[in-house]
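Accompanying notes for the structure given below.
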Amino acid sequence: MELKNNMQNFTKAVIETISRIPRGKVISYGRIALIAGNPFGARQVSRILHAMSQKHNLPWHRVINSKGMISLPTGGGYEGQRRLLEEEGIALDEKGRIDFEIFGWDPGKIALYHSIT
DNA sequence: TTAGTGACAGGCA
DNA sequence: CTGCCTGCCACTA
């Protein structure tokens, strides 16, 4: 059960981290997994999102893969996510990529981000 | 119980 | 810079 609790903690940490993503910013699955305490939990993060995002009212659309692209298949939610991102001012280039240098969110820089805004 | 799958990531050609 | 291959982990058939 200790093991089970760890998984619960990871899930909770993931949910909490995602809920903290500022509007207009994005972060990768892997980075969230790392912050939540599991360096190899990127796939679990996606699984958690798919299962709990609506229930927890999370900004799931601000989570993308390490290549800066939307991971959903065209026709399987891609358009919707892209639209939500663009509504927040997040730009995608002609290849559907988002620049982390501009829109990437790093929890470690939250203080800096806060001071600027 | 084993095999297959996936809203991923990093290294290599 | 782009595409392919392998590693990881939880869940489903």
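What you are looking at is a predicted structure, and each value in this text was computed from that prediction instead of being measured. Values below: every heavy atom of this structure, side chains too, minus hydrogens, waters and symmetry copies. Note on naming: letters A, B, ... go to the chains in the order of the sequence lines (proteins, then strands), and numbering restarts at 1 for each one.
- Annotation: side chain of A:Trp105 is not in contact with side chain of A:Val26 (no heavy-atom distance under 4.5 Å).
- Heavy atoms only, all atoms of each residue included: A:Leu72 and A:Gln81 are closest at CD1-OE1, 2.9 Å.
- By the 6.0 Å contact criterion, NE2 on A:His56 is enclosed, its count of non-hydrogen atoms from other residues, nucleotides or ligands being greater than 12.
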Would you sketch DNA chain C in dot-bracket for me? Only Watson-Crick or G-U wobble pairs with both distances under 3.5 Å count, crossing pairs as [ ], other-strand pairs as |, the rest as dots. .||||||.|||||

A:Leu34/A:Tyr29 under side chain to side chain contact (heavy atoms under 4.5 Å, CB included): CA gap, chis, key distance, verdict: CA-CA 9 Å; A:Leu34 190 62; A:Tyr29 298 92; over 6 Å; no

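- Only A:Lys95, A:Arg97, listed by number, bring a heavy atom of residues 85-104 of chain A to less than 4.0 angstrom from any atom of DNA chain C.
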Mark up nucleotides 7-13 of chain B, 5' to 3', with B wherever a protein heavy atom is under 4.0 angstrom from a base atom, S wherever such an atom reaches only the sugar-phosphate, and - elsewhere. BBSB---

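- When DNA chain C is scanned in the 5' to 3' direction for atoms under 4.0 Å from non-hydrogen atoms of chain A, the outermost contacting nucleotides are C:dT2 to C:dC11.
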Between A:Ser28 and A:Asn65, is a side chain to side chain donor-acceptor pair (under 3.5 Å) present by the stated rule, with each step listed? CA-CA 5 Å; A:Ser28 70; A:Asn65 63 35; over 6 Å; no

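- A:Arg20 has a carboxylate O that lies under 4.0 Å from a charged side-chain N of A:Glu16, or vice versa, which qualifies the two as a salt bridge.
- Taking the side chain as every heavy atom from C-beta outward, A:Phe10 and A:Val45 approach each other to under 4.5 Å.
- Minimum interatomic distance between A:Ala42 and A:Ala33 (heavy atoms only, all atoms of both residues): N-CB, 3.6 Å.
- Here A:Arg43 pairs with nothing under the salt bridge (Lys or Arg N to Asp or Glu O under 4.0 Å) rule; sequence neighbours left out.
- Taking each heavy atom of A:Lys25 and A:Ile102 in turn, the nearest pair found is NZ-O, 3.1 Å.
- Sequence neighbours left out, the pairs with a member in residues 56-78 of chain A that pass salt bridge (Lys or Arg N to Asp or Glu O under 4.0 Å) are A:Arg62-A:Glu88.
- Note on A:Arg83 versus A:Glu79: no salt bridge recorded, every NZ/NE/NH1/NH2 to OD/OE distance being 4.0 Å or above.
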